[in-house]
Amino acid sequence: MTNIAEIKAFSKPLIANLHKLGISNVQALLLHLPLRYLDETHITAVRDLRTGESAQVEGEIVHAEVTYKPRKALIARLEDASGQLTLRFLHFYPSQIAALKVGTKLRVYGEVRSGFFGYEMVHPTCKPVGASTTVAETLTPVYPTVAGLTQASLRKAIRLVLLPNALTETLPASVYHPLPSFAASLQALHNPSPDADLHALENKTTAHWRRLAFDELLAQQLSMRKHYARRRSVNAPQFTRSKRLVSALLKSLPFALTSAQQKVAIEIERDLTQPHPMQRLLQGDVGSGKTIVACMAALQSIENGWQVALMAPTEILAEQHYRKMLGWLTPLNIQIAWLTGSQSKKDRATALEFITNGQAQLVVGTHALFQEAVQFKNLGLAIIDEQHRFGVQQRLALRQKGQPEPHQLMMTATPIPRTLSMSYYADLDVSVIDELPPGRTPIVTKLVSDTRRDEILQRVREACVQGNQAYWVCPLIEESEALQLQTANDTYALMQTEFPELQVGLVHGRMKPADKQAVMAAFSSGDLQLLVATTVIEVGVDVPNASLMVIEHAERMGLSQLHQLRGRVGRGAAKSTCILLYQNKLSETARARLKVIYESNDGFVIAQADLHLRGPGEFLGVRQSGVPMLKIADLERDIDLLEAAKTMADKLLTEYPVEVEKHLDRWMGSAGELVKV
Ligand code: ADP
Ligand code: MG
């Protein structure tokens, strides 16, 4: 692939700017596609303008002034043979005032609006008209760019490399049929003909866009398949089924597994008997009972003589798992080590020694588990709870702690919508717990305006006086951690004054781990009745007696986050309520979001809506670091292409191995190698 630095016609600053856009080779430059298009192919008479449409108008400036009311603005009037158009600039430079002198001939382009004095354009682009000014022959593409790189130079650079020998097909025609060729598609998108359908172009629904979306989706499928195949080709410790420990554990439990838990436990057990590393995602709504399933897998590994690592994203959750494992496994004589970043040096050294010499059969901890100093004797299985909180690289690091490669079990309460499991998650096997343990009463969700705070405080008092427990979740303040902390402290002080008769606790991310644990333990044991918390309690916390949750400024939180938080209640037999307090004057999207959470208790529905409202980039969160995101294809709009790409990926891999490499090379470049999920 030609590096752009080798192109003689490209200046050093141009190359530097292209690098800023992430473009280093010709293929990437060719695939840098327009965001939108301008129709500068004809000039519209003022009389023929239509509100809401973009148009190009040519005329003479007949009036120009800077006004100060209602706010500072530069206003000019442009006249052609058919009428006058107002041009309005709210931010402007002295040079622009000069360029709009009365008598100047101008060509302007912008969106037409109806103003007080007839048609107007706000911040149109303006070009002086000379004797030789011609009209564009094709629609003008507008590209994503960076400061210092003009549209004109970007267009010129792309035109220079848009040559037949760079536009060769990577795919056999039978694979992309009936979509147009790659060359025709790129030509049409970089230089669309004047009669192209501007709407379809901007919505990326033309055949040419669809061809590129298909190619992109196909590349993603191919790279996922390759990773899957790689995994099948490497060795992992092969376990036999557990004969002793798992049944001993199940006998000791006060409950029986649900049939959904049994089903996924069998899927995992079978994977562990394979000689290849398992990479399975265990998905189950909050409270569905994933931990016990993970524990069964751990016992299978331990019984086979291999160590297990159980990693959680927060210290609170890791601690909770540790306690639970102690409770379940100590009677079975299993040795458990505990590892976090906040341990004393001495405790840490002891734990590390215990892990290295193999005495620790199970290690529970936080991110600390994949640090360099942690050496396992023989890691056979890595279990990662709340997997979406970890980046690809972090999980990779844990995988590298075993030789041969350990099995991996990832757990998540956020369901993966179908479009994502077909695309970004296509390399993983998925098990779903689609049933909650019996005896849970559904959580009642209420949307309440912040103006009714007093009533809510009263409810909290009543719940606690009756012997239940409550969470009060402080607003999320993403902009400033200091402010977030202050809010938490203020709320805590407020609650203490409000409820002198109750024991109130506070937990937030900035507390010392030991203090955090003490507070959680006090809440767990019922010594505290009301827990003021930040979103640190979002994942995993399990206190069955808590039956009321109040979430302040619920409109600021993501849907999956709200669902997770809400899942902290409704864990016991008591009827539970979650109150979402919102600030009045909700925006349209905030209203739509809260409506979803109000109407549904189904994590799957919520995840689907979350994906729809936020897009895959936000939804995938940390997982996206290291995973190339789709730039052209849209999983919702292009679902048919995704299906086609899935089918065609199989065909290509069996029949056209050379084309597979060519295609991956074009679309993934070296990034393709990064997706070792
Ligand atoms: P999550 O899937 O959210 O991680 P947990 O594993 O924390 O859920 O389980 C939630 C609670 O349900 C725990 O207290 C756990 O002991 C309990 N539990 C798990 N499985 C069952 C079951 N089959 N019947 C009754 N309770 C169960
Ligand atoms: Mg859990």
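For the numbers below, each heavy atom of this structure counts, side chains included, while hydrogens, waters and symmetry mates do not. Quantities reported herein were computed from a predicted structural model and do not represent experimental measurements.
The shortest side-chain heavy-atom distance between Thr145 and Thr150 does not fall under the 4.5 Å cut-off. Using a 4.5 Å heavy-atom cutoff, the side chains of Asn25 and Thr2 are not in contact. Between Pro404 and Val234 there is no side-chain heavy-atom pair separated by less than 4.5 Å. Within the 4.5 Å cutoff, side-chain heavy atoms of Leu21 are placed close to those of His32. Val432 has its side chain within reach of Val430: a pair of non-hydrogen atoms, C-beta onward, lies under 4.5 Å apart. Put simply, the side chain of Ser181 reaches to within 4.5 Å of the side chain of Tyr176, judged on heavy atoms. You'll find the side chain of Val108 reaches within 4.5 Å of the side chain of Leu87, heavy atoms only. Residues Met121 and Thr86 have side chains not in contact (no heavy-atom distance under 4.5 Å, counting atoms from C-beta outward).
At distances below 3.5 Å, not a single donor-acceptor pair connects side-chain atoms of Ser600 with backbone N or O atoms of Ile606. Under a 3.5 Å cut-off, the side chain of Arg280 and the backbone N or O of His407 do not form any donor-acceptor pair. Looking only at distances, no side-chain donor or acceptor of Tyr37 sits under 3.5 Å from a matching main-chain atom of Leu198. At least one donor-acceptor pair under 3.5 Å links the side chain of Arg231 to the backbone N or O of Asp427. Side-chain N or O atoms of Asp197 include one that pairs as donor or acceptor with a backbone N or O of His199 at under 3.5 Å. Between the side chain of His276 and the main chain of Arg232, a donor-acceptor pair closer than 3.5 Å is present. Between the side chain of Gln221 and the backbone N or O of Met422, at least one donor-acceptor pair lies under 3.5 Å. In this structure a side-chain-to-backbone donor-acceptor pair under 3.5 Å is missing from Asp48 to Thr44. Panel note: side chain Trp667, backbone Gln220; no donor-acceptor pair is recorded below 3.5 Å. Remark: the backbone N or O of Ile632 is paired with a side-chain donor or acceptor of Glu216 at under 3.5 angstrom.
The distance between the ring centers of Tyr143 and His190 falls below 6.0 angstrom.
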Q: Evaluate the salt bridge (charged side-chain N to carboxylate O under 4.0 Å, His left out) criterion for residues Asp215 and Arg666: first the C-alpha distance (whole Å), next the side-chain angles of each, then the deciding distance (0.1 Å), finally the verdict.
A: CA-CA 10 Å; Asp215 276 25; Arg666 166 173 285 162; 5.2 Å; no

Q) Yes or no on side chain to side chain contact (heavy atoms under 4.5 Å, CB included) for Leu100 and Phe89, after CA distance, side-chain angles and deciding distance? A) CA-CA 11 Å; Leu100 294 174; Phe89 298 86; 3.6 Å; yes

Q.
The test is side chain to side chain contact (heavy atoms under 4.5 Å, CB included); show your working for Asp638 and Leu630 and say whether it passes.
A. CA-CA 12 Å; Asp638 300 321; Leu630 295 168; over 6 Å; no

(Q) I'd like to know whether Trp209 forms a side chain to side chain contact (heavy atoms under 4.5 Å, CB included) with Leu201, so could you lay out the CA-CA distance, the side-chain angles of the two residues, the decisive distance to 0.1 Å, and finally the verdict. (A) CA-CA 8 Å; Trp209 273 119; Leu201 260 182; 3.8 Å; yes

Q | side chain to side chain contact (heavy atoms under 4.5 Å, CB included) between Leu282 and Met410, intermediate numbers included | A | CA-CA 6 Å; Leu282 174 56; Met410 292 155 268; over 6 Å; no

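Between the side chains of His563 and Asp285, at least one donor N or O sits under 3.5 Å from an acceptor N or O. For the residue pair Arg270 / Gln274, no side-chain donor-acceptor distance below 3.5 Å is found, with atom types taken as modelled. Checking Glu40 against Thr140 by side-chain atom types alone, a donor-acceptor pair falls below 3.5 Å. Judged by distance alone, the side chains of Gln279 and Gln408 never bring a donor and an acceptor atom under 3.5 Å apart. A side-chain N or O of Glu267 and one of Ser431 form a donor-acceptor pair less than 3.5 Å apart. Side chain to side chain, Asp80 and Ser82 meet the donor-acceptor criterion of an N or O pair below 3.5 Å. Under 3.5 Å, the side chains of His42 and Gln56 contain no donor-acceptor pair of N or O atoms. For the residue pair Thr414 / Ser560, no side-chain donor-acceptor distance below 3.5 Å is found, with atom types taken as modelled.
Around atom CD of Glu137, no more than 12 heavy atoms belonging to other residues, nucleotides or ligands sit under 6.0 Å away. Few gaps surround NZ on Lys204; more than 12 heavy atoms of other groups in view lie less than 6.0 Å from it. More than 12 heavy atoms of other residues, nucleotides or ligands sit less than 6.0 Å from atom CZ of Phe10.
Considering only residues two or more places apart in sequence or on other chains, Ala609 meets the side-chain contact (heavy atoms from CB on, under 4.5 Å) condition with Leu559, Val596. By the side-chain hydrogen bond (donor to acceptor under 3.5 Å, both in side chains) test, Glu405 is found to be paired with Arg399, residues two or more places apart in sequence or in another chain being considered. Remark: His91 pairs with His123 by the ring-ring contact (aromatic ring centres under 6.0 Å, His included) rule, at least two apart or across chains. Residues passing the side-chain contact (heavy atoms from CB on, under 4.5 Å) test with Glu661 are Lys226, sequence neighbours excluded.
Closest approach of Asp39 and Tyr109 over heavy atoms only: N-OH, 2.8 Å. The shortest heavy-atom contact between Ser174 and Tyr656 is OG-OH, 4.1 Å. In terms of heavy-atom proximity, Pro277 sits nearest to Pro406 at CB-O, 3.7 Å. When all heavy atoms are compared, the tightest approach of Leu562 to Leu594 is CD1-CD2, 4.0 Å. Of all non-hydrogen atoms in Ala5 and Asn3, the two that sit nearest each other are N-OD1, 2.9 Å. Here the shortest heavy-atom pairing between Ala645 and Leu218 reads O-CD1, 3.5 Å.
Taken to the nearest 0.5 Å, the CD atom of Gln608 stands 11.0 Å off from the CD1 atom of Ile416. Rounding to the nearest 0.5 Å gives a distance of 13.5 Å between CD of Glu79 and CG of Leu106. Put simply, OG on Ser223 and CE on Met668 are 4.0 Å apart, with the number rounded to the nearest 0.5 Å. Between atom CZ of residue Arg159 and atom CG of residue Leu154 there is a gap of 11.0 Å, rounded to the nearest 0.5 Å. For the atom pair CG (Leu18) and CD1 (Ile158), the distance works out to 8.5 Å, reported to the nearest 0.5 Å.
For residues 5-22, the pairs satisfying side chain to side chain donor-acceptor pair (under 3.5 Å) are Asn17-Lys20, with sequence neighbours left out.
Glu555 has no carboxylate O lying under 4.0 Å from a charged side-chain N of Lys595, or vice versa, which leaves the two without a salt bridge. With respect to the salt-bridge test (charged N to carboxylate O, under 4.0 angstrom), the residues Glu202 and Arg36 do not qualify.
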Would you tabulate the side-chain donor-acceptor contacts of residues 163-173 under 3.5 Å, counting partners in other chains and residues two or more places apart, or write 'none'?
| unit_1 | atom_1 | unit_2 | atom_2 | d |
| --- | --- | --- | --- | --- |
| Glu169 | OE1 | Arg211 | NH1 | 3.4 |
| Glu169 | OE1 | Arg211 | NH2 | 3.0 |
| Glu169 | OE2 | Phe182 | N | 2.6 |
| Glu169 | OE2 | Arg211 | NH1 | 3.2 |
| Thr170 | OG1 | His663 | ND1 | 2.9 |

